[in-house]
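Worksheet: one structure, shown below.
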Protein chains: 2
Amino acid sequence: MTDRGSLRSTLHQRGMRMTPQRQLVLDAVRELEHATPEQVCKRVQGTAATVNITTVYRALDLLEELGLVRHTHLGHGAPTYSVEEHEHVHLVCHRCDDIDEVPTELLGDLADRLDAARGFALDATHLALSGVCRKCREANPHVEERR
Amino acid sequence: MTDRGSLRSTLHQRGMRMTPQRQLVLDAVRELEHATPEQVCKRVQGTAATVNITTVYRALDLLEELGLVRHTHLGHGAPTYSVEEHEHVHLVCHRCDDIDEVPTELLGDLADRLDAARGFALDATHLALSGVCRKCREANPHVEERR
DNA sequence: GTACTTGCAAATCTTTTGCAGACTC
DNA sequence: GAGTCTGCAAAAGATTTGCAAGTAC
């Protein structure tokens, strides 16, 4: 149900439409990756200057409900949105705020272990792992400051 | 430098003091575990009603700078504070918002693998892992909704 | 015409900042 | 008396809500 046609009909069943604003928001999320609502709004306004941030929030909610985008908490406040297919684990450096991505396979059997230990179904892509990135470690090897 | 005496002298070196408000905030964090600034404030006000939320924020910042407390992003907005020694990985259920904790050892060699793959120094306690807890899975086994 | 969408303004919530008075040494 | 600490009020930033006007079918 990810292709354009079925998206339209999914919306239609609910009496909703794929409006230009919603399409622009979806496009912006696709293009930007890891964008905050604010950033998405800026991007959309590059094409259609009058689109309101309120509309962006509402569109993001709707698109998330439809399973087209998802949001990830990268720490320090702002959630970021990306398209649903964009599946990997995020690594956030809390020194420079850089975001790196690694395939979920790198987690190995962590999900299984959490399931076994606590019955917890891990959703690895929803949250980021925090730490210090290579660049920052090389720049300043001793501090392991946290934010 | 975690005991009361050296804390006092650390503060003193900076021309600062361990005021009743700061002590109350520290106590509240100790008692509550995973408390938001809001919750800490409520707790403190139970003892000293006039303490302002501003003071709580400032005390939390200071205590964090001193390495006595740390904050963790558990997703959906609010950071929560806990005492520094409180070291484990948090599992947040995004259905019921329940927080579970597992020893960091359960991550196995994840930290090593991230280091090897990306030179990333994982700080496992800073962020939570997100997913669905046992209770919610049993209550409603099919949905794997995200928040 | 009805129902959905949008933009705008205002409300809300969280966190930060400026400042004057109180307190400590 | 100098410098720190606090409470209050206001500012700032992010997100949500109410509502009237616009639009699609």
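Protein chains get the first letters and strands the later ones, always in sequence-line order, with residue 1 at the start of each.
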Using a heavy-atom cut-off of under 4.0 Å over every strand shown, decide if T50(B) touches base, sugar-phosphate, or nothing.
sugar-phosphate
Heavy atoms only, 4.0 Å cut-off, all strands: where does T54(B) land among base, sugar-phosphate and nothing?
base
Given that G15(B) and V51(B) both sit by DNA chain D, which one's nearest nucleotide is further toward the 5' end?
G15(B)
Between T55(B) and E38(A), who's closer to the 5' end of DNA chain D by nearest nucleotide?
T55(B)
Quick one: pull up CD in Q23(B) and CG in L26(B) and give me the separation to the nearest 0.5 Å.
5.5 Å
base_contact_polar (dG7(C) base, R58(A) side chain, donor-acceptor, <3.5 Å):
yes
Any chance you could pull the hydrophobic cluster mates of I53(A), using side-chain heavy atoms under 4.5 angstrom and chaining through other members?
Y57(A)
ILVMFWY cluster membership beyond L114(B) - transitive side-chain contacts under 4.5 angstrom
V89(A), L91(A), V102(A), L106(A), L107(A), L110(A), L114(A), F120(A), L122(A), L129(A), V89(B), L91(B), V102(B), L106(B), L107(B), L110(B), F120(B), L122(B), L129(B)
Strictly below 4.0 Å: does [X] bring a side-chain N or O up to OP1 or OP2 of [N]?
{"X": "R14(A)", "N": "dC4(C)", "result": "no"}
{"X": "N52(B)", "N": "dT6(D)", "result": "no"}
{"X": "T19(A)", "N": "dT6(C)", "result": "yes"}

Atom-pair distance ([atom1] on [X]; [atom2] on [N]), nearest Å:
{"X": "D61(A)", "N": "dT16(D)", "atom1": "CG", "atom2": "P", "result": "6 Å"}
{"X": "I53(A)", "N": "dG7(C)", "atom1": "CD1", "atom2": "C1'", "result": "13 Å"}
{"X": "Q21(A)", "N": "dT5(C)", "atom1": "CD", "atom2": "P", "result": "11 Å"}
{"X": "M16(A)", "N": "dT23(D)", "atom1": "CE", "atom2": "C1'", "result": "16 Å"}
{"X": "Y57(A)", "N": "dA11(C)", "atom1": "OH", "atom2": "P", "result": "19 Å"}
{"X": "E64(A)", "N": "dT15(D)", "atom1": "CD", "atom2": "C1'", "result": "14 Å"}
{"X": "H71(A)", "N": "dT15(D)", "atom1": "NE2", "atom2": "C1'", "result": "13 Å"}
{"X": "Q39(A)", "N": "dA14(D)", "atom1": "CD", "atom2": "P", "result": "11 Å"}

Parallel, tilted or perpendicular, as decided by the 30° and 60° cut-offs, for the rings of H88(A) and H34(A):
tilted
What is the ring orientation for H71(A) with Y81(A), classed by angle as parallel under 30°, tilted 30 to 60°, or perpendicular over 60°?
tilted
Do you know the tightest heavy-atom contact between A59(A) and R22(A)?
CB-CG, 4.1 Å
Considering all heavy atoms of both residues, which atom of A48(A) and which atom of L24(A) are nearest to each other, and what is their separation?
CB-CD1, 3.9 Å
Pick out the pairs of N or O atoms, protein on one side and nucleotides 20-25 of chain C on the other, that lie under 3.5 Å.
from: dT24(C); atom 1: O4'; to: R17(B); atom 2: NH1; distance (Å): 2.9

